[in-house]
Amino acid sequence: MGFGRLQRKEDPRFVRGQGNYTDDVVLPGMLHGAILRAPVAHARIVSIDVSEALARPGVRAVLTGKDLEPLKLAWIPTLSYDVQAVLATDKVRFQGQEVAFVIADDRYAARDALESIDVEYDILPPLVDARHALDPDAPLIRDDLEGRTDNHIQDWECGDKDATASVFDTAEVVVKQEVVYPRVHPAPMETCGAVADFNPVSGELTLYETSQAPHAHRTVIAMVSGIPEHKIHLISPDIGGGFGNKVGIYPGYVLAIVGSIVTGHPVKWMEDRSENLMSTSFARDYIMQGEIAATRDGKLLGLRADVLADHGAFNGVAQPTKFPAGFFNLFPGSYTWEAVYGKVTSVYTNKAPGGVAYACSFRVTEAVYFVERMIDRLAIELDMDPAELRLKNFIRPEQFPYDNKAGFEYDSGEYEKTMRHAMKLIGYDELRREQEEKRARGELMGIGISFFTEGVGAGPRKHMDILGLGMADGAELRIHPTGKAVVRISVQSQGQAHETTFAQIVAEEIGIPPEDIEVVHGDTDRTPFGLGTYGSRSTPVSGAAVALVTRKVRDKARLIAAAMLETRPEDLEWEKGRWFVTGDPSAGKTIQEIALAAHGTMQLPEGVDGNLDAEVTYDPPNLTYPYGAYFCVTDIDKDTGKVTVRRFLAVDDCGTRINPMVIEGQVHGGLTDGVGMALMEIIEFDSDGNNLGGSFMDYLIPTAMEVPDWETGFTVTPSPHHPIGAKGIGESATVGSPAAIVNSVIDALRPLGVTALDMPCTPARVWDAMQGHAKAP
Ligand code: CDP
């Protein structure tokens, strides 16, 4: 009971094919929508002729941007206070942009009709390379925004510029390095989609949607559509992976709603794989110039990051309002510095809008990758072991809570202990000996390290909001008369086993077995308001709400138990599952007995309602800061440049561990993601702005063939401010692993003089590096 390796409660329905995803929803009279997308990256729309498409059999309606303009729905707000076209009215600004929407009797009729729409484009020069976005002669992408004369979005900075400059002025060693985190895509197994069902009589909209944040989506949809919020019922059924991809509001969702209003029928829109990869939010795309200052014996002094961020054609970055560069504030990593300074400049390009926090807490992935690559670059410069360099500069346990000099306060950590544990588990010294022998034989073996600190669990609400909605989460707990319970939460599982682990939190706190506790999520009519699941915030925020609501019920149960036992509440003591009289353990009442009494005929104490229910909204005082030590061993084929990840060890510290089996699953998945990004995945564009990563033939995602048997370990350093001491874990491995893999590849190539290499380390890029070119053309 309580915490431990409980089997996942949701798996019986998943492994038996009984999951219920958005595309499984079939409503009477339902029609199907398909989107016509721009074939080019930048062009003015001269005309759109839909007459032929409308005349096709089975076609009920064809919408263009002009049809949406009178409804004020041609443009919608993005998560970063920009606007995004639902259907293009003036120009198309990226390949794959939404141009028209066909509604037909079935999916095939809708798709076929797309080919009959005649669009005349006046092609404009595309802006593909963010490095040229601010050139004086760069094409202006956002001429729809009044007064705009260039492609600059905004500048953001953190840390102390002047103090950092003086550290650099006097430092013994300064190393510079460009570190690129390329554009990648979350690519969940289930693509995005919606089924909208508008009832013109009642004015109610029922919306099934692939959403990681049902309540926030409902509020935004109410604001955008004008449909009153209480008339919108948003259901986010089973989600086949989100990874940040299902945080934003996409044009397709809006089109399904408009389609239902226009036709009077439910309308389903479900994108295909290429549409998902080409048009829904990308992630990363940060070009980072790094500088590190240190003493000759390896004491870290200063760190500077100057970042160029490619946000695509509409600034749809998902992040709290006051954090336009997400949590890039974490770029100082796990180390003490005299001073740090970070700057991010974001620009428009003719690419899909974004970016989303792909399995990370906003921009923490970029920050971690940056600092961990920089530390290794310094280690090369100093000819020092990278593990030793890290050990020498870790924040020490007694320094917590730690101000990272870039605006964030880390809650707890025992970095050296975790690092040494990992070094022991992987056999670090032995590996270095093996590497020496192999190098003597001319073989290319690498050992890479990444030690990361994440910040997860956004709010607090006074500092963090999405479109003005404070980042807090509600929980409601009801204990039925028979002692069975239902807990309703505002976050949304996309495969993370919330139905299991949130039941475990209730079980741990109140002693009802987890199998007697139902977790309800993903339905705005059945759950309390909250900001949803992304950035590993479920456990830090909603998990805390669940612990606190259970304690509230426990406190109420104490009052009732005291009445039942004819004693005072302060004379009772709690042991898991029951209140008993201090000094007389045999005189007690179980939570099930108390639940029955709460709903029974007994006279309840003054002020106690006749139920055993409670609700809370949890506003986190700070983020939680999980961390980990990751080690990667690679072998590189000298004849082909192919990288094999031979071993990978992840030692994670996420504070109190609710379900170690679920945690391992989360870590395994994240590490696999990391291999994908480090070795295979990239959304590239040619000079015309054609997306070269628009299918799984080109955008390679890892399978079991590309990954090793994962090795894992853990330490436990509870969060001091979280009710159960838990920190998030869902995204740690995606955040921490790419740097370990790339550092390992660079380490393998050290005998050839390689000091830097950018992701993805494909055979071609590695081969180029082996020939003395740091980057492939
Ligand atoms: O927000 P998201 O669910 O993606 O991430 P999370 O809060 O890190 O949780 C991922 C899964 O791991 C959930 O089922 C958590 O309850 C579980 N977990 C755990 O068992 N122990 C922790 N300390 C953290 C998460």
Side-chain angles (χ1 to χ4, degrees), residues 2-11 186 188 211-213 236 239 241-247 318 356-362 364-365 411-412 454-459 471 473 475 487 489-509 514 517 519 521-522 530-547 618 620 623-628 652-670 673 712 714-719 722-736:
F3 298 164
R5 304 180 75 87
L6 183 71
Q7 297 247 318
R8 290 167 34 116
K9 289 171 65 148
E10 42 274 90
D11 279 350
S211 169
Q212 295 179 224
S236 202
I239 303 277
F243 312 108
N245 190 224
K246 292 165 181 165
V247 173
V356 289
Y358 161 19
C360 81
S361 206
F362 309 109
V364 66
T365 313
D411 57 352
S412 61
E454 266 209 282
V456 305
M471 300 186 83
D473 280 87
V487 63
I489 55 176
S490 55
V491 292
Q492 169 67 29
S493 179
Q494 310 126 42
Q496 300 95 320
H498 291 171
E499 288 165 42
T500 308
T501 51
F502 283 74
Q504 287 183 273
I505 297 174
V506 176
E508 180 75 16
E509 292 291 333
I517 302 162
V519 177
H521 60 109
L531 266 268
T533 295
Y534 36 87
S536 294
R537 65 186 296 283
S538 301
T539 305
V541 188
S542 195
V546 167
Y618 182 73
L623 302 172
T624 65
Y625 293 84
Y627 63 93
D652 277 285
D653 193 319
C654 60
T656 305
R657 296 157 66 83
I658 300 160
N659 186 325
M661 185 190 69
V662 168
I663 291 173
E664 280 159 27
Q666 296 286 296
V667 171
H668 289 182
D673 257 355
T712 55
F714 65 92
T715 55
V716 176
T717 313
S719 169
H722 188 278
I724 59 169
K727 303 179 177 186
I729 186 67
E731 302 171 344
S732 292
T734 317
V735 171

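In each ligand, atom 1 is the first atom listed, and ligand 1 is the first ligand listed. Side-chain atoms are counted along with the backbone in the values below, which use heavy atoms only and exclude waters and symmetry mates. Note that the structure is predicted; figures quoted are calculated from it, not measured.
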**Q.** Partner set under salt bridge (charged side-chain N to carboxylate O under 4.0 Å, His left out) for D411, not counting sequence neighbours
**A.**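 Scan of D411 (salt bridge (charged side-chain N to carboxylate O under 4.0 Å, His left out), adjacent residues dropped) gives K727.
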At less than 3.5 Å, what protein N or O atoms come close to the N or O atoms of ligand 1? Include the distances to 0.1 Å.
| from | atom 1 | to | atom 2 | distance (Å) |
| --- | --- | --- | --- | --- |
| ligand 1 | 1 (O) | R537 | N | 3.3 |
| ligand 1 | 1 (O) | S538 | N | 3.0 |
| ligand 1 | 1 (O) | S538 | OG | 2.7 |
| ligand 1 | 3 (O) | H498 | NE2 | 2.7 |
| ligand 1 | 3 (O) | S538 | OG | 3.3 |
| ligand 1 | 4 (O) | Q496 | NE2 | 2.9 |
| ligand 1 | 7 (O) | T539 | N | 2.8 |
| ligand 1 | 7 (O) | T539 | OG1 | 2.6 |
| ligand 1 | 8 (O) | I729 | N | 2.6 |
| ligand 1 | 8 (O) | G730 | N | 2.7 |
| ligand 1 | 9 (O) | T539 | OG1 | 3.3 |
| ligand 1 | 14 (O) | Q496 | O | 2.5 |
| ligand 1 | 14 (O) | T501 | OG1 | 2.8 |
| ligand 1 | 16 (O) | T501 | OG1 | 2.7 |
| ligand 1 | 16 (O) | T539 | OG1 | 3.4 |
| ligand 1 | 20 (O) | N659 | N | 3.0 |
| ligand 1 | 21 (N) | I658 | N | 3.2 |
| ligand 1 | 23 (N) | C654 | O | 3.3 |
| ligand 1 | 23 (N) | T656 | O | 2.7 |
| ligand 1 | 23 (N) | K727 | O | 3.1 |

Q: Could you list the residues that satisfy side chain to side chain contact (heavy atoms under 4.5 Å, CB included) with A544, not counting sequence neighbours?
A: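 Counting only residues at least two positions away or on another chain, A544 forms a side chain to side chain contact (heavy atoms under 4.5 Å, CB included) with Y618, H722, P723.
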Q: Could I get the full list of side chain to side chain contact (heavy atoms under 4.5 Å, CB included) partners for A497, not counting sequence neighbours?
A: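 Here the qualifying residues are R8, E10, T500, V662.
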Q: Kindly indicate whether a cation-pi arrangement holds for R657 with F3, taking the cut-offs as under 6.0 Å to the six-membered ring centre and within 45° of the axis.
A: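 Ring-cation test returns no.
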**Q.** No-hydrogen, no-angle side-chain donor-acceptor test under 3.5 Å, T533 and S538
**A.**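 Distance-only check passes for T533 and S538.
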(Q) Is the shortest side-chain heavy-atom distance between L623 and R537 below 4.5 Å? (A)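 The answer is no; the side chains never approach within 4.5 Å.
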